[in-house]
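Step one of this worksheet: look at the structure below.
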Amino acid sequence: MNTWIGFLINLQFFTVFPIKKQLPMDKKFIHRAVQTFPLVGVFLGLILAGVLYGLGEWTPFSSLAIAFVLWVLTIALTGGLHLDGWIDASDAFFSYQDKERRLEIMKDSRTGAFGVISVIVLLAARFIWIYEIVERTNEWTYFLIIMIPFFSKCVMGYLLSRMHLAKKEGLGAFFQSAVRKNSLHIYWIYLILSFVVAYFIDIKLVILFAIMGFAALLFLFYVRRKILRWFGGITGDVLGASVEGVEVWLWLILWLLHYFAMG
């Protein structure tokens, strides 16, 4: 029951799905929420993969139209929450100020030019990669699309659990307050189960799954160091920006795999 409540808390905080229920916010439930981050990623990935399959198999829509629907869903399913973090973090980063000033800029509700430019580039890149993936979709594409939000939520969980807070308030601080030393152990079970599913689908898919996992790990190592250097630690905005960053990176990897490994 605690795990289910944790999952519902994630849906309430990080998606647009209405949870019309007053959920308990005790630390034991927030702990379960952190543990179920990757499951929310799988849930969102299943929606994306299901829409791609349904539109591709059962409608006359063009690849461009299908890609546009998927692109919109990557924004709409989370209500643009992580994009807001990307915009705020971009404004702060491109100010080239010290850490304290960057944190102040992220708290400002106004959107600056750098935030607008960075989100346009992010969304344009994502659309191009989604479109070309749709054009080259095969039987492995669906599983790998599901893995994109799965890996991004794993990265979010790791950063939240293992990194210093830049400020002692906000959504990041609220969730980190409930983290335990063993909170992330279950992520290994999720990874093993994903590996097993890939193996039973096709042995070659295991290699593609491993490539995407390695790409997510590279991103994690890179961004972990840069967050400390640029912001002095994590905030809710920084976590949101990290989710957007790793997802656009994995869309790029999946696009390249369709060209060089899945043709």
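Contact check for Val248 versus Trp129: side-chain heavy atoms found under the 4.5 Å cut-off. Under the 4.5 Å side-chain criterion, counting only non-hydrogen atoms from C-beta, Arg225 is not in contact with Arg229. Using a 4.5 Å cut-off on side-chain heavy atoms (C-beta onward), Glu247 and His82 make no contact. A heavy-atom distance below 4.5 Å is not found between the side chains of Thr15 and Leu77. Contact annotation: the side chain of Glu139 never approaches that of Leu205 to less than 4.5 Å [non-hydrogen atoms, C-beta and beyond]. Inter-residue side-chain proximity for Phe29 and Asn2 is flagged as met; some heavy-atom pair is nearer than 4.5 Å.
Using modelled atom types, one side-chain atom of Gln12 and one backbone atom of Ile19 make a donor-acceptor pair closer than 3.5 Å. Side-chain atoms of Asp98 come within 3.5 Å of backbone N or O of Arg101 as a donor-acceptor pair. Using a distance-only test at 3.5 Å, with no hydrogens or angles considered, a donor-acceptor pair links the side chain of Gln176 to the main chain of Met163. Looking only at distances, a side-chain donor or acceptor of Asp91 sits under 3.5 Å from a matching main-chain atom of Gly112.
A chain of hydrophobic side-chain contacts below 4.5 Å, direct or via other Ile, Leu, Val, Met, Phe, Trp or Tyr residues, connects Leu217 to Leu239. Under the 4.5 Å side-chain contact rule for hydrophobic residues, Leu218 and Leu191 do not share a cluster.
For Phe209 and Phe151, the gap between ring centers is short of 6.0 Å. For Tyr53 and Trp58, the distance between ring centers is under 6.0 angstrom. Taking the six-membered ring for Trp and the full ring otherwise, the centers of Phe37 and Phe14 sit less than 6.0 Å from each other. Between Phe68 and Trp71, the ring center distance clears the sub-6.0 Å criterion.
One finds the CZ atom of Phe143 at 10.5 Å from the CG atom of Leu46 (value rounded to the nearest 0.5 Å). In this structure, CD1 in Ile105 is found 8.0 Å from CZ in Arg102, a value given to the nearest 0.5 Å. Here Met147 contributes atom CE and Ile145 contributes atom CD1; the two are 11.5 Å apart, rounded to the nearest 0.5 Å. Taking CG of Leu39 as the reference point, atom OH of Tyr190 lies at 3.5 Å (rounded to 0.5 Å).
Side-chain contact check for Ser63 and Glu135: at least one donor-acceptor pair (N or O, by modelled atom type) lies under 3.5 Å. Arg126 and Thr74 share a side-chain donor-acceptor pair at under 3.5 Å.
Residues Thr137 and Tyr142 come closest through the heavy atom pair CG2-OH, 3.6 Å. Nearest approach of Gly85 to Ala241, heavy atoms of both residues: O-CB, 3.8 Å. Across all their heavy atoms, Asp237 and Met106 have their closest contact at OD2-O, 3.4 Å.
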Inset, instruction - Could you walk me through whether Phe231 and Phe93 pass the ring-ring contact (aromatic ring centres under 6.0 Å, His included) test, one step at a time? - result: CA-CA 8 Å; Phe231 304 106; Phe93 171 73; 7.2 Å; no
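For Glu104 and Lys107, the salt-bridge test fails: no basic side-chain N is under 4.0 Å from an acidic carboxylate O.
Aromatic ring orientation, Tyr259 versus Trp255: perpendicular (interplanar angle above 60°, classes split at 30° and 60°).
With Pro24 as reference, Ile5 is the one residue of Ile9, Ile30, Ile5 to meet the side-chain contact (heavy atoms from CB on, under 4.5 Å) rule.
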